[in-house]
Amino acid sequence: MVTAPSSRLVDGFGRHIHYVRISVTDRCDFRCVYCMAEEMTFLPKSEILSLEEIEQLAAELVQAGVTKIRLTGGEPLVRPGLVGLVARLRQLPGLAELCMTTNGGRLAELAGPLKDAGLDRLNISLDSLQPERFRALTRTGDLSRVLAGITAAREAGFKGTKLNAVVMKGRNDDEINDLVAFALEQQLDLSFIEEMPLGVIEEHDRAEAFMASADIRSQIGQRWQLSPLAESTGGPSRYWQVVDHASRIGFISPHSHNFCGDCNRVRLTTEGRLLLCLGNEHSVDLKAAIRQGDPAPAAVSARVQAALQAAMGIKPEKHEFSLAEEPQILRFMNATGG
Ligand code: SAM
Ligand code: SF4
């Protein structure tokens, strides 16, 4: 989808913001080695947005021109009341697409209710098809539950489900083609994500594990014919069609391909900050805009809209990720809406 020029959210580089990823919780039932430390300190409840506040901010964002929302986390499915939130967000006039990124661990129970609530699409993370390795990479995850979740999503009627895999050298890079074969068999798209240096994790060396998209693609190319697709989703994925198959293979390459030029997105963190770029700290505090000052709805709305416009002025041109240095970004992916 090419960005439509109607959004009132236009940054200093002329980019129209149509897409917001909302982290509905920083908590998770998994502890993926690249995402979280084994022992995590989560935010106190008073600091995280309530479901009503998430709904209120989503409504303001849609009013300002956002047409696509992705719910993420942490693990969105562990947030109590999530299905109700989906149903309410679905009612927002002007919202074209409501999606979710999930680890899939609770989808077997929740795929049907989410579909009924109006969720449009799912991305499901899957880094290994080997049960023991899956457990090691996620520290707590049960592969059979995730596979059951993928089946449940199909049975519930979800279309266009995409799998996401982070490939780490020496940990799961021998499974690249197994993951592709699985995606082809399931007729699902699959994106490979280069690991990003978000948060310091003692027991995991990101530079050592780093695997560039080009190397992943060349492994796949030895077994299947890939044909590049010209269409842009306005996002960081670049897609290849697997010739003679329904599936597309995407590559999200924050290191080897800078995709910031056509960035159309911002993120709402669990604690209510609008984060302007995953690779920078620039943000505005939307929670303060709703919790502080005159509580009359018109006044709150005016404060939020003013904060959104101010945010556009500080959206950075591009991210700065470097594998050679210590992570510059100390926050973890789970709180920021990865
Ligand atoms: N819990 C859900 C899940 O795992 O899909 C949603 C949140 S998770 C933070 C969203 C995506 O970010 C997942 O596909 C995960 O693999 C990816 N991710 C987490 N930390 C990452 C990192 N440091 N670099 C690249 N991708 C990361
Ligand atoms: Fe949880 Fe997703 Fe992070 Fe894994 S990547 S620890 S599932 S939030």
**OP:** For residues D285 and K287, report the shortest heavy-atom separation together with the two atoms involved.
**Re:** OD1-N, 3.1 Å

Original post:
Which heavy atom of G104 sits nearest a heavy atom of I124, and at what distance?
Top reply: CA-CG2, 4.1 Å

Original post:
Are the side chains of E55 and L89 in touch, meaning some heavy atoms are under 4.5 Å apart?
Top reply: yes

Subject >> Contact check, side chains of V180 and L184, non-hydrogen atoms, under 4.5 Å >> reply: yes

Subject >> Atom CD of E132: over 12 foreign heavy atoms under 6.0 Å >> reply: no

**OP:** Taking all non-hydrogen atoms of both residues into account, name the closest pair between M312 and V10 and its distance.
**Re:** CB-O, 3.3 Å

Original post:
Is there side-chain contact between Q186 and L163, with at least one heavy-atom pair below 4.5 Å?
Top reply: no

**OP:** State whether a side-chain donor-acceptor pair under 3.5 Å links T102 with E75.
**Re:** yes

Original post:
Between M36 and C28, which heavy-atom pair has the shortest distance, and what is it?
Top reply: CE-CB, 3.4 Å

Original post:
Atom CZ of R27 and atom NZ of K45: how far apart are they, to the nearest 0.5 Å?
Top reply: 9.0 Å

Original post:
Please walk me through it: do R145 and E109 pass salt bridge (Lys or Arg N to Asp or Glu O under 4.0 Å)?
Top reply: CA-CA 10 Å; R145 298 305 303 150; E109 300 82 47; 2.5 Å; yes

Subject >> Distance-only polar pair, side chains of T101 and R70, donor-acceptor under 3.5 Å >> reply: yes

Original post:
Does a sphere of radius 6.0 Å around CG in D244 hold more than 12 heavy atoms from other residues, nucleotides or ligands, not counting ones at 6.0 Å or beyond?
Top reply: no

Original post:
Counting only heavy atoms not in Q225, do more than 12 fall under 6.0 Å of its CD?
Top reply: no

Original post:
Below 4.5 Å, heavy atoms only, C-beta onward: do F158 and L107 meet side chain to side chain?
Top reply: no

Subject >> Under 3.5 Å side-chain donor-acceptor pair for Y239 and D189 >> reply: no

Original post:
For the residue pair P76 and M100, what are the closest heavy atoms and their distance?
Top reply: CG-CG, 3.8 Å

**OP:** Taking the side chain as every heavy atom from C-beta outward, state whether I216 and I249 have any atom pair closer than 4.5 Å.
**Re:** no

Subject >> Residues D215, K169; criterion salt bridge (Lys or Arg N to Asp or Glu O under 4.0 Å); working and verdict >> reply: CA-CA 11 Å; D215 296 335; K169 212 174 263 173; 5.1 Å; no

Original post:
Short question: side chain of E175, backbone of L129 - any donor-acceptor pair under 3.5 Å?
Top reply: yes

Original post:
So do the side chains of I54 and R79 get within less than 4.5 Å of each other, counting heavy atoms only?
Top reply: yes

Original post:
Does any non-hydrogen side-chain atom of L114 lie less than 4.5 Å from one of L77?
Top reply: yes

Original post:
Of V266, L274, L275, which meets side chain to side chain contact (heavy atoms under 4.5 Å, CB included) against V284?
Top reply: L274

Subject >> Donor + acceptor pair across side chains of S283, R273 (<3.5 Å) >> reply: yes

**OP:** Inspect the surroundings of CD in Q187 and state if more than 12 heavy atoms from other residues, nucleotides or ligands are less than 6.0 Å away.
**Re:** no

Subject >> Exercise: identify the closest heavy-atom pair between E60 and L308 >> reply: O-CD1, 4.1 Å

Original post:
Looking at T25, T270, D26, which one forms a side chain to side chain contact (heavy atoms under 4.5 Å, CB included) with F42?
Top reply: D26

Original post:
Of the options L119, V86, V83, which is the one that meets P113 in a side chain to side chain contact (heavy atoms under 4.5 Å, CB included)?
Top reply: V83

Original post:
If we only count heavy atoms from C-beta on, is the Y34 to I193 side-chain gap below 4.5 Å?
Top reply: no

